[in-house]
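Some notes on the structure that comes next.
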Amino acid sequence: MVPLVIAGLLAGCDRQTPADTQPQSSASASTSEAPAAPAEGAEAFNGTLDISSRGAALPDLTFTDPSGKKVRTLDLKGKPLLINLWATWCGPCVLEMPTLDALAAAKAGKLTVLTVSQDLDQAKAVDAFFKDRKLTHLAPWLDPDNALSQHYNTGVLPTTVLYDAAGKEVWRMIGSHDWAGPRTDAILADTLR
């Protein structure tokens with residue numbers, strides 16, 4: 001169990017280290033719309049699928065976009081929902097963001113993909129991040145109180161949670177994942193029938 005916990009912490013960015021001491025990813029320089037390829041000789045996408053909270057209800061939390069528009073998670077029930085927690089200073093988060101954009105394009109109308117930044121008071125930075133990388137199928141949502149991060153309590157960014165149309169949790173991906181890769185269709189298949 002302890003090696004699994006340690007591996008999980010190494011898979012992503014921890015929430016305990018202040019943003020100014022987080023290492024910057026070389027992937028942050030990429031502005032391509034195409035999904036980022038794993039670094040040669042390294043397993044760049046190393047998320048772990050977790051089903052231990054399967055069936056849990058969608059939490060009633062509120063988050064915002066950079067303009068201040070608010071949305072409640074419960075207002076999003078009705079079709080499958082993928083909530084991704086990330087931050088601009090998190091290398092694995094930056095790496096997977098283009099693949100989430102590709103997923104949002106590929107599953108438009110079938111799946112809502114929300115990328116909710118855990119950057120504190122960084123609306124301008126998050127908005128600039130989306131514009132610089134031409135992420136056109138996602139919106140730069142913010143969680144200024146880190147309510148979602150506290151609710152999911154994985155201690156790792158990125159963390160992505162899938163809910164079915166009824167608002168029940170299906171699984172969590174803890175760590176980065178290639179959302180444009182072949183494994184994604186398999187893990188979404190039952191929910192997106």
Side-chain angles (χ1 to χ4, degrees), residues 12-13 25 27-38 44-45 47 58-59 61-144 146-149 151-152 154 156-165 170-181 183-185 187-188 191-192:
C13 297
S25 167
S28 64
S30 173
T31 59
S32 169
E33 281 192 60
F45 296 112
L58 181 65
L61 299 170
T62 303
F63 48 97
T64 63
D65 73 5
S67 70
K69 177 183 172 190
K70 294 186 184 264
V71 68
R72 284 180 58 209
T73 52
L74 292 183
D75 293 339
L76 300 170
K77 285 170 64 172
K79 77 175 171 181
L81 172 65
L82 190 74
I83 298 176
N84 172 265
L85 305 183
W86 72 286
T88 59
W89 45 262
C90 169
C93 302
V94 171
L95 179 67
E96 79 172 358
M97 195 60 69
T99 72
L100 280 162
D101 193 58
L103 177 67
K107 305 298 183 190
K110 296 179 187 176
L111 176 69
T112 300
V113 179
L114 293 177
T115 51
V116 186
S117 173
Q118 302 301 290
D119 290 272
L120 298 174
D121 299 321
Q122 295 294 323
K124 288 181 182 177
V126 173
D127 194 40
F129 178 93
F130 271 69
K131 287 178 182 169
D132 290 347
R133 286 162 181 79
K134 297 177 176 70
L135 301 172
T136 58
H137 304 286
L138 301 171
W141 294 100
L142 304 170
D143 183 15
N146 289 131
L148 288 168
S149 182
H151 172 77
Y152 296 122
T154 66
V156 175
L157 289 179
T159 290
T160 307
V161 184
L162 177 66
Y163 291 94
D164 63 19
V170 179
W171 47 252
R172 296 175 186 197
M173 181 65 70
I174 301 173
S176 62
H177 177 74
D178 180 359
W179 297 103
R183 183 175 175 217
T184 299
D185 282 338
I187 62 176
L188 291 174
T191 306
L192 300 186

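Treat the numbers as computed from the prediction; the structure is a model and nothing was measured. Quick note: residue numbers are just sequence positions, from 1.
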(message) Between W171 and I187 (side chain of the first, backbone of the second, donor and acceptor by atom type, cut-off under 3.5 Å), is there such a pair?
(response) yes
(message) Walk me through whether T73 and Y163 qualify under side-chain contact (heavy atoms from CB on, under 4.5 Å).
(response) CA-CA 11 Å; T73 52; Y163 291 94; over 6 Å; no
(request) Identify the heavy atoms of S176 and P92 that sit nearest to each other, and give their distance. (result) CB-O, 3.7 Å
(request) Start with the C-alpha gap between L120 and N146, add the side-chain angles, then the distance that decides, and say whether side-chain contact (heavy atoms from CB on, under 4.5 Å) holds. (result) CA-CA 8 Å; L120 298 174; N146 289 131; 2.9 Å; yes
(request) Looking only at non-hydrogen atoms, find the nearest pair between V126 and P140 and report the distance. (result) CG1-CB, 3.7 Å
(message) Any heavy-atom pair between the side chains of L82 and T160 that's under 4.5 Å?
(response) yes
(message) Nearest 0.5 angstrom please: S117 OG to D127 CG, how far?
(response) 11.0 Å
(message) Rounded to the nearest 0.5 Å, what separates atom OG1 in T159 from atom NE2 in H151?
(response) 11.5 Å
(message) Just verifying a value: how many Å separate T191 OG1 and K107 NZ, rounded to the nearest 0.5 Å?
(response) 11.5 Å
(message) Taking the side chain as everything from C-beta on, heavy atoms only, tell me whether M97 gets closer than 4.5 Å to F129.
(response) yes
(request) State the CZ-OG1 distance between F130 and T115, to the nearest 0.5 angstrom. (result) 3.5 Å
(request) Could you grab the distance from atom CG of L162 to atom CG of L81, nearest 0.5 Å is fine? (result) 8.0 Å
(request) Find out whether K134 and D101 are in side-chain contact, i.e. whether some heavy atom of one side chain is under 4.5 Å from a heavy atom of the other. (result) no
(request) To the nearest 0.5 angstrom, please state how far the NZ atom of K79 sits from the CG atom of D164. (result) 14.0 Å
(request) Write down the atom of T99, the atom of A180, and the distance for their closest heavy-atom approach. (result) CB-N, 3.7 Å
(request) Compare all side-chain heavy atoms of W179 with those of V113 and state whether any distance is below 4.5 angstrom. (result) no
(request) Check L148, T64, L114 against W141 for a side chain to side chain contact (heavy atoms under 4.5 Å, CB included) and give me the one that passes. (result) L114
(request) Could you tell me whether the side chain of E96 and the main chain of H177 form a donor-acceptor pair under 3.5 Å? (result) yes
(message) Can a donor-acceptor pair be found, under 3.5 Å and without considering hydrogens, that links the side chain of D178 to the backbone of G181?
(response) yes
(request) Using a 4.5 Å cut-off on heavy atoms from C-beta on, say whether the side chain of Q118 contacts that of L157. (result) yes
(request) Please report the closest heavy-atom contact between L138 and A104, naming both atoms and the distance. (result) CD2-CB, 3.7 Å
(request) Run the numbers on W86 and L100 for side-chain contact (heavy atoms from CB on, under 4.5 Å), then give the verdict. (result) CA-CA 11 Å; W86 72 286; L100 280 162; over 6 Å; no
(request) Might you point out which heavy atoms bring L103 and L111 nearest each other, and give the distance in Å? (result) CD2-CD2, 4.1 Å
(request) Give the minimum heavy-atom separation between V94 and A87, together with the two atoms involved. (result) CG2-O, 4.3 Å
